[in-house]
Amino acid sequence: MSDESAAFLYDPARLYSPRYVHDVLDAHGIRLKKGLGQNFLFDRNAILKIVNAAGVGPDDVVLEIGPGMGHLTFALLARAKHVIAVEIDQRLLPVLKGLLGGFSNFTLVHADILEVDLAARLGEAGLMPTKVVANVPYYVTTPILTHLVESGVPFDNVTLTIQKEVAERYVAAPGTKAYGSISVVMNYWGRTRLCGTVPASCFFPRPQVDSAVIRVDLFKQPPVGLANKALFYRVIRMAFNQRRKMLRNSLHALETEGFALDRALAAAGIDEKVRAERLTMQDYARLADALITETAE
Ligand code: SAM
């Protein structure tokens with residue numbers, strides 16, 4: 001490709017249109033992979049909504065997960081001190097370099113984010129991100145959030161663009177239909193809010209569903225102490241696996257493993273007939289701890 005045609009192809013003035021996505025993919029002979037959720041956000045207002053929701057400023061080092069063709073990255077680079085973008089699809093690297101290669105505050109990493117040891121890799125590069133921005137397929141969203149929270153990197157906040165129904169589950173309150181195990185866990189990780197919706201028409205190719213932007217302000221200190229975090233997660237999973245059942249029945253397997261389930265429910269002040277969706281994160285934390293103390297007695 002001549003310098004002149006590359007300059008035309010990657011002209012930022014053309015960025016915010018489906019035509020740009022089409023032309024650049026065509027020039028690179030790239031056929032998109034559905035499994036990687038490759039729907040690119042080209043709408044300028046929606047992109048600004050995400051950057052504003054994240055509150056990115058000149059002191060921020062931002063970790064972007066799944067930069068795709070670089071639309072959101074371009075906006076982040078204009079505001080942040082530095083952007084580190086981790087993209088799994090090698091075919092998109094020349095596309096990202098074509099558009100963003102001129103930015104000195106840009107680091108591109110080719111990797112599956114779930115395979116990256118974030119604390120080690122970012123520490124080595126001397127770049128500790130303060131914020132995370134990601135527009136990734138919904139089925140890897142929870143694994144990615146878990147990976148970020150458990151990474152040991154003290155991120156201030158994580159801003160995600162995800163399927164609207166999934167976002168509603170993330171922020172759901174106890175007792176509502178959307179309230180599930182992820183809603184409980186989110187309350188343990190941080191404070192989550194819905195920052196707006198993004199219609200399917202803002203993406204190319206156009207997905208079947210609308211998206212929403214959520215921001216999670218991660219807690220610096222856990223909001224509740226836990227004797228055994230793995231048991232807390234497990235109790236939540238078991239309770240919601242059979243969410244229509246009474247809690248005592250959903251957790252029955254714990255009793256067969258030797259846990260003093262009835263005593264723990266009583267000590268935690270939880271009615272054995274209650275259903276999973278009625279309990280708060282704090283209820284689950286009390287129950288997980290009571291399972292340990294009551295069983296040990
Ligand atoms: N951020 C771009 C945008 O807003 O247009 C692209 C979003 S597209 C929905 C999702 C991107 O995440 C794709 O580029 C895909 O290849 C990438 N991706 C999917 N799974 C990933 C993973 N595990 N690690 C890193 N990138 C991933």
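Note that ligands are numbered from 1 as they come in the structure, with each ligand's atoms numbered from 1 the same way.
- Every residue meeting the salt bridge (Lys or Arg N to Asp or Glu O under 4.0 Å) condition with Asp217, not counting sequence neighbours, appears here in chain and number order: Arg215.
- Protein residues having a heavy atom under 4.0 Å from any atom of ligand 1 are Leu36, Gly37, Gln38, Asn39, Phe40, Leu41, Glu64, Gly66, Pro67, Gly68, Val86, Glu87, Ile88, Asp89, Leu92, Ala111, Asp112, Ile113, Asn135, Pro137, listed by chain and number.
- Legend: residues meeting salt bridge (Lys or Arg N to Asp or Glu O under 4.0 Å) with Glu257, ordered by chain and number and at least two apart, are Arg234.
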Kindly indicate, with the supporting measurements, whether the criterion side-chain contact (heavy atoms from CB on, under 4.5 Å) is fulfilled by Arg286 and Asp289.
-> CA-CA 5 Å; Arg286 272 200 328 281; Asp289 275 4; 6.0 Å; no
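- For His71 and Tyr20, the ring centers sit closer than 6.0 Å to each other.
- Each salt bridge (charged side-chain N to carboxylate O under 4.0 Å, His left out) pair with one or both residues in residues 104-121, not counting sequence neighbours, would appear here, but there are none.
- Within the 4.5 Å cutoff, the side chain of Met281 has heavy atoms near those of the Phe232 side chain.
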